Undergrad: 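I'd like to ask some things about the structure below.
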Protein chains: 2
Amino acid sequence: MTLRPEKQSMKERILETADRLFYLRGIRAVGVDTIAAEVGISKRTLYNHFPSKDELIAAYLQGRFNKAPPSDKPPIEQILGTFDRLERGFASKGFRGCPFVNAVAELGSEDKSVKKIAIAFKESRRIWFRDLLLKLDVPDPEGLATQLTLLVDGSIAQDLVRDDPSMARAAKEAARVLLGNAGVGIVGRDGGNTAGAAKKRSSSRRTRRPPDV
Amino acid sequence: MTLRPEKQSMKERILETADRLFYLRGIRAVGVDTIAAEVGISKRTLYNHFPSKDELIAAYLQGRFNKAPPSDKPPIEQILGTFDRLERGFASKGFRGCPFVNAVAELGSEDKSVKKIAIAFKESRRIWFRDLLLKLDVPDPEGLATQLTLLVDGSIAQDLVRDDPSMARAAKEAARVLLGNAGVGIVGRDGGNTAGAAKKRSSSRRTRRPPDV
DNA sequence: GCCTAATTACACAGATCGGTGTAATCAAGG
DNA sequence: CCTTGATTACACCGATCTGTGTAATTAGGC
């Protein structure tokens with residue numbers, strides 16, 4: 001009966017489907033019945049693994065907490081590479097903004113646990129930037145790290161409404177300026193200039209998975 | 001019976017209440033019954049003024065389209081002043097992020113009209129920045145305007161999840177660097193340095209109206 | 001074969017959703 | 001006074017929501 005390996009546990013299957021639907025259509029817009037039907041299980045089974053939708057939501061956001069893969073590349077490349085990965089994410093078909101920001105926007109200040117997870121995620125990214133900046137001996141790693149997160153979240157929000165992956169490139173150029181201002185030497189500018197980046201209203205949206213946010 | 005002037009029309013009263021509830025609690029989270037009850041009218045009256053909730057949502061977002069007051073102050077002050085107003089907005093009690101981003105995040109790609117309004121708003125702000133930058137004769141007003149909008153939206157998203165109005169200051173400092181890099185002379189840095197701005201995890205939230213986004 | 005645990009189908013509860021139909025009431029202006 | 005239009009109360013629709021109760025069915029390990 002098991003046509004394919006099916007190494008996933010039931011809980012994983014539920015969580016995977018919930019992740020996809022919550023992220024793509026919105027948390028409030030997706031009911032537990034829809035999730036159960038999509039997984040191909042009964043609603044009862046779903047509730048056997050997650051006591052409530054709220055817990056499923058929390059698990060969904062926890063699962064979005066990325067596994068930032070450690071890299072041995074130079075810090076400056078890692079920092080700027082963030083925006084390249086961001087641009088690929090924007091261009092992927094299923095991109096729908098930052099799941100944490102979206103969740104907070106949807107569920108408001110009612111759900112405290114959701115906000116806590118969102119805060120933790122945002123802070124983790126800021127710390128990731130900061131630790132890289134520490135290696136670069138910039139004057140103010142804390143403040144610069146915060147500014148870089150602003151560019152990240154700003155480009156995400158802009159792409160969410162505009163569907164314009166070039167926002168990531170604009171953010172990258174701004175990041176380069178901020179880094180340069182902090183005394184970090186400019187590293188290989190890629191291809192074209194960034195002028196009029198907002199003009200190339202790309203209508204691409206290829207078929208890739210949303211890598212990370 | 002009219003204790004106070006009551007110069008508002010019925011439609012305005014409905015829209016005002018809808019705006020407050022939609023923005024504060026989320027669009028999907030607020031039903032038409034709730035809005036009617038809050039206004040103190042019957043649901044029938046509400047539907048006499050707005051044929052559907054979707055139209056009410058559209059009117060809500062249209063109403064958020066700000067009236068950018070023309071100013072005769074120097075462009076550079078207007079640009080940087082944006083972040084000051086942003087910080088005041090963040091510190092106000094009812095601030096809950098960008099209504100347009102929130103709406104797109106909530107309603108997803110289903111509602112086309114909502115997305116159109118959101119795009120128009122974001123673009124209008126970019127144009128506002130660009131026109132000011134044109135007066136400053138910067139090399140790339142289009143690209144720089146885009147970058148400034150990234151800082152604006154980034155700080156809004158960050159404040160939404162962190163409740164930290166200092167994000168606006170961090171954005172302002174970054175904007176100053178970007179402007180300086182474009183050849184615009186530094187204008188009066190205010191008070192303290194921007195270092196560790198992310199540290200002053202303000203728990204303020206005063207009682208003010210959300211001015212604009 | 002048997003025990004245990006998971007999963008199933010399915011009905012149902014209680015609430016809320018957007019939206020409508022209807023008839024009574026109210027207010028204002030001619 | 002009378003007419004007209006707005007507003008009211010209120011019942012109701014069908015759909016959907018989260019969550020539960022229950023009894024039958026399945027599958028695997030001993």
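Only heavy atoms go into these numbers, but all of them, side chains included; no hydrogens, no water, no symmetry mates. Nothing here was measured: the structure is a model prediction, and the numbers come from that model. By convention in this document, chain letters (A, B, ...) are assigned in the order of the sequence lines, proteins followed by strands, and residues within each chain are numbered from 1.
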Undergrad: Sub-3.5 Å donor-acceptor pair from the side chain of B:Asn102 to the main-chain atoms of B:Arg96, do we have one?
TA: yes
Undergrad: If you take all heavy atoms of A:Tyr47 and A:Ser52, which pair is closest and at what distance?
TA: CE2-CA, 4.0 Å
Undergrad: Whole angstrom is fine here: how far is it from CZ in A:Arg28 over to P in C:dT16?
TA: 13 Å
Undergrad: How close or far is atom C1' of C:dA9 from atom CD1 of A:Ile41, stated in whole angstroms?
TA: 13 Å
Undergrad: Less than 4.0 angstrom between a side-chain N/O of A:Ser42 and OP1 or OP2 of C:dA9, yes or no?
TA: no
Undergrad: Between B:Leu46 and A:Asp33, which is nearer to the 5' end of DNA chain D once each is assigned its nearest nucleotide?
TA: B:Leu46
Undergrad: Is any side-chain N of the basic residue among B:Arg176 and B:Glu173 closer than 4.0 Å to the acidic one's carboxylate O?
TA: yes
Undergrad: Measure NZ/A:Lys43 against P/C:dC12 and give the value in whole Å, please.
TA: 14 Å
Undergrad: So, are A:Asp153 and A:Lys122 salt-bridged, with charged N and O less than 4.0 Å apart?
TA: yes
Undergrad: Where do B:Pro165 and B:Asp159 come nearest, in terms of heavy atoms and distance?
TA: N-OD1, 3.4 Å
Undergrad: What's the CZ-P distance between B:Arg25 and C:dC17, to the nearest Å?
TA: 11 Å
Undergrad: Under 4.0 Å from any atom of DNA chain C, heavy atoms only: list the residues of residues 47-59 of chain B that qualify, in numerical order.
TA: B:Tyr47, B:Ser52, B:Lys53
Undergrad: Find the distance B:Arg44:CZ to D:dC12:C1' and express it as a whole number of Å.
TA: 12 Å
Undergrad: Using whole Å, what does the distance between atom P of nucleotide C:dG18 and atom CD1 of B:Ile35 come to?
TA: 8 Å
Undergrad: Regarding B:Thr149 and B:Thr146, is there a side-chain donor-to-acceptor distance under 3.5 Å anywhere?
TA: no
Undergrad: Would you mind reading off the distance between B:Lys11 atom NZ and D:dT7 atom P, rounded to a whole angstrom?
TA: 11 Å
